[in-house]
Undergrad: 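Would you mind keeping the following structure in view while I ask a few things?
Just so you know, these numbers use all the heavy atoms, side chains as well, and skip hydrogens, waters and symmetry mates.
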Amino acid sequence: MSVGMAAPRAPYACDPDRSRGRLVTEPPSRTRSPFRRDCDRVIHSTAFRRLKHKTQVFVFHEGDHYRTRLTHSLEVAQIARALARQLGVDEDLTETLALAHDLGHPPFGHAGERALDDCLRDDGGFDHNAQALRVVTSLEHRYPEFGGLNLTWESLEGIVKHNGPLTERNGASAGRYLQGGLPVGIADYNKTYDLELWSYASLEAQIAAFADDIAYDAHDIDDGLRAGLFAVDDLKEMPLTSEIIAEIDRHYPGLDEVRRGAELVRELISHFISAVFNEATRRLAVAQPQSAQDVRRHNAPLIAFPPEVAEQEAAIKAFLFRRMYRHRRVMIVMREAEQVVRNLFERYRQSPGDLPAEWIEGSVQETTSARNRRIGNFIAGMTDRFALIEHQRLFDSTPDLR
């Protein structure tokens, strides 16, 4: 089958008519499936709109054309839907998970996450995955009958487990949480609504996770080129991008650098999508899952890069780490951004009256740890712009972050 064609609905797809439902029971929509309703709720959430001014790599005011968390999430959704369509799984659930995957990120990208994790180290730390779960289960205040968005079990499962199981069957932490244990937000919520943390997530969630990798590899190259951190020819040090560049130069001799870079990004995305589709098709043929539950209980992920493409993708990540994420210009801005977050946390901790009224209410009866988490929730929800405005309001000097 051509990778551009839609496959018939697969038996291993999540079926919206058989959803495990929502924590708070609601009457069904007359016009939308449960997963489409979830997707619409994410799009209409305050947290989703705030992604417009949250850093991907470059702080929002460094240029109008760099990715933000919002544009990145839209690009992830585009890639994820393409893969979902080809593999015959539910596009609405896949899109929900692609659009929701960054809702828990604080301002200033991974720099903000490092700073908040350090500020909250005695209170359970900070994990953007756990924060995304908090956002959609409690921090959004849009509906009269429940906190959060009251998403389906399948959407909550995908938000939490898209990168694989979090625990062993006996409850012991596993995967990325093997050393530090489960984040408090995930562990506490799972007592209320069991997300089966020991199993793999649906195929839709696995697709969203790989779409995220494909999007940020390709588009961070695009942003790095635009910022002048490296040139197209610098990417020839990797065999894959070298081959793609050579093919572009053969087809379009004398092409200007901007279009040359854009064509490279397009070809790279196509290469990775095709690779994931082919490997998933091979794994599915071997595993023969007959339901979404078979996917969850399989002993390995069913969405993956083939080994040789996984090496190609790792090489691109290593290049970006060296030439972009650890570039002196980027590092200076990120160090200053971390300090902005640390300053705000400490100020609110010492002077809680500086918090907005809605974030002070009820805090008198809280433990110190609960109050610190409340402050962390407030800061995590900030955009880059609002964090800088708050810093300017509370401090005599604020870095420019350029």
Undergrad: Nearest 0.5 Å, what's the CG-CD distance between L178 and E168?
TA: 8.0 Å

Undergrad: Judged by atom type as modelled, is there a donor-acceptor pair below 3.5 Å linking the side chain of R49 to the main-chain atoms of H44?
TA: yes

Undergrad: Quick check: do Y12 and S291 have side-chain heavy atoms less than 4.5 Å from each other?
TA: no

Undergrad: Do you know the tightest heavy-atom contact between F210 and V276?
TA: CD2-CG2, 4.2 Å

Undergrad: Might you work through the side chain to side chain contact (heavy atoms under 4.5 Å, CB included) test for V330 and Y325, ending with a clear yes or no?
TA: CA-CA 6 Å; V330 174; Y325 312 139; 5.6 Å; no

Undergrad: Checking side chain to side chain contact (heavy atoms under 4.5 Å, CB included) for the pair H219/V265: CA distance, chi angles, key distance, verdict?
TA: CA-CA 7 Å; H219 295 134; V265 168; 3.9 Å; yes

Undergrad: Would Y143 and E26 count as having a side-chain donor-acceptor pair, cut-off 3.5 Å?
TA: no

Undergrad: Could you tell me the separation between the OH atom of Y216 and the CG atom of D223, rounded to the nearest 0.5 Å?
TA: 14.5 Å

Undergrad: Between Y252 and R259, is there a side-chain heavy-atom distance shorter than 4.5 Å?
TA: no

Undergrad: Regarding Q392 and T398, is there a side-chain donor-to-acceptor distance under 3.5 Å anywhere?
TA: no

Undergrad: I'd like to know if the side chain of E113 and the backbone of D127 have a donor-acceptor N/O pair within less than 3.5 Å.
TA: no

Undergrad: Establish, from distance only, whether the side-chain atoms of H271 and Q312 form a donor-acceptor pair under 3.5 Å.
TA: yes

Undergrad: Are E247 and R250 close enough for a salt bridge, meaning some N to O gap below 4.0 Å?
TA: yes

Undergrad: Please report the interatomic distance CD1(I375) to CZ(F345), rounded to the nearest 0.5 Å.
TA: 5.5 Å

Undergrad: Could you label the plane-to-plane angle of the Y193 and Y189 rings as parallel, tilted or perpendicular, counting under 30° as parallel and over 60° as perpendicular?
TA: perpendicular

Undergrad: For D90 and E204, which heavy atoms make the closest approach, and how far apart are they?
TA: N-OE2, 3.0 Å

Undergrad: Just wondering, more than 12 heavy atoms not from Q78 lying within 6.0 Å of its CD?
TA: no

Undergrad: Answer yes if the side chains of Q339 and R342 hold a donor-acceptor pair under 3.5 Å, and no otherwise.
TA: no

Undergrad: Quick one: sort the H72 and H101 rings into parallel, tilted or perpendicular, breaks at 30° and 60°.
TA: perpendicular

Undergrad: Counting distance only, does the side-chain N/O of R322 pair as donor-acceptor with the main-chain N or O of K317 below 3.5 Å?
TA: no

Undergrad: Counting only N and O atoms by type, is there a donor-acceptor contact under 3.5 Å from the side chain of S45 to the main-chain atoms of V42?
TA: yes

Undergrad: To the nearest 0.5 Å, what is the distance between CG (D220) and CZ (R226)?
TA: 13.0 Å

Undergrad: Is there side-chain contact between Y177 and N129, with at least one heavy-atom pair below 4.5 Å?
TA: yes

Undergrad: Before you tell me yes or no, could you show the steps for D102 and H128 under side-chain hydrogen bond (donor to acceptor under 3.5 Å, both in side chains), namely the whole-Å CA-CA distance, both residues' side-chain angles and the distance that decides it to 0.1 Å?
TA: CA-CA 8 Å; D102 271 354; H128 72 261; 5.3 Å; no

Undergrad: Is there side-chain contact between V76 and L99, with at least one heavy-atom pair below 4.5 Å?
TA: no

Undergrad: Taking side chain to side chain contact (heavy atoms under 4.5 Å, CB included) as the criterion, tell me which of L133, L23, T137, V136 meets it with L151.
TA: V136

Undergrad: Quick check for you: to the nearest 0.5 Å, what is the distance between R326 atom CZ and L229 atom CG?
TA: 13.5 Å

Undergrad: Just by distance, do the side chain of D234 and the backbone of A231 share a donor-acceptor pair under 3.5 Å?
TA: yes

Undergrad: Closest heavy-atom contact between F272 and D217?
TA: CE1-OD2, 4.4 Å

Undergrad: Under a 4.5 Å cut-off applied to non-hydrogen side-chain atoms, are F230 and L235 in contact?
TA: yes

Undergrad: Counting only N and O atoms by type, is there a donor-acceptor contact under 3.5 Å from the side chain of T71 to the main-chain atoms of T68?
TA: yes

Undergrad: Say you draw a straight line from CD of E154 to CZ of F35; how long is it, rounded to the nearest 0.5 Å?
TA: 4.0 Å

Undergrad: When you compare the side chain of R32 with that of D40, does any pair of heavy atoms fall below 4.5 Å?
TA: yes

Undergrad: Taking atom CZ of R9 as the centre, does the number of heavy atoms from other residues, nucleotides or ligands within less than 6.0 Å exceed 12?
TA: yes

Undergrad: Taking the basic N atoms (NZ, or NE/NH1/NH2) and the acidic carboxylate oxygens, is any pair closer than 4.0 Å for R114 and D118?
TA: no

Undergrad: Could you check whether any side-chain N or O of R329 sits under 3.5 Å from a backbone N or O of A227, counting only pairs where one atom can act as donor and the other as acceptor?
TA: yes

Undergrad: Would you say W153's side chain and D194's backbone share a donor-acceptor pair under 3.5 angstrom?
TA: yes

Undergrad: Count the heavy atoms of every other residue, nucleotide or ligand shown that sit under 6.0 Å from CZ of R176, and state whether that count exceeds 12.
TA: yes

Undergrad: Would you check if the side chain of Q131 reaches a backbone N or O of F126 as a donor-acceptor pair within less than 3.5 Å?
TA: no

Undergrad: I'd like to know whether L97 forms a side chain to side chain contact (heavy atoms under 4.5 Å, CB included) with H162, so could you lay out the CA-CA distance, the side-chain angles of the two residues, the decisive distance to 0.1 Å, and finally the verdict.
TA: CA-CA 8 Å; L97 299 173; H162 58 271; over 6 Å; no

Undergrad: Tell me if the CZ atom of R393 is crowded by more than 12 foreign heavy atoms within 6.0 Å.
TA: yes

Undergrad: Could you check if a side-chain atom of E157 sits within less than 4.5 angstrom of a side-chain atom of E196, using non-hydrogen atoms only?
TA: no

Undergrad: Which pair of non-hydrogen atoms, one from R296 and one from S199, has the smallest distance, and what is that distance?
TA: O-CB, 3.6 Å

Undergrad: Is there a side-chain hydrogen bond (donor to acceptor under 3.5 Å, both in side chains) between S155 and D38 once you walk through the steps?
TA: CA-CA 7 Å; S155 288; D38 282 0; 2.7 Å; yes

Undergrad: When you measure from the side chain of R260 to the backbone of I248, do you find a donor-acceptor pair of N or O atoms at a distance under 3.5 Å?
TA: no

Undergrad: Check the surroundings of atom CZ in F321: do more than 12 heavy atoms from other residues, nucleotides or ligands lie under 6.0 Å from it?
TA: no

Undergrad: Starting from the C-alpha separation in whole Å, work towards a yes-or-no answer on side chain to side chain contact (heavy atoms under 4.5 Å, CB included) for L268 and L240.
TA: CA-CA 9 Å; L268 197 60; L240 172 61; 3.7 Å; yes

Undergrad: Can you tell if the side chain of F108 reaches within under 4.5 Å of the side chain of L388, non-hydrogen atoms only?
TA: yes

Undergrad: So, for L284 and L302, which heavy atoms are closest and what is the spacing to 0.1 Å?
TA: CD2-CD1, 4.0 Å

Undergrad: Minimum heavy-atom separation for V340 and A387, please, with both atom names.
TA: CG1-O, 4.2 Å

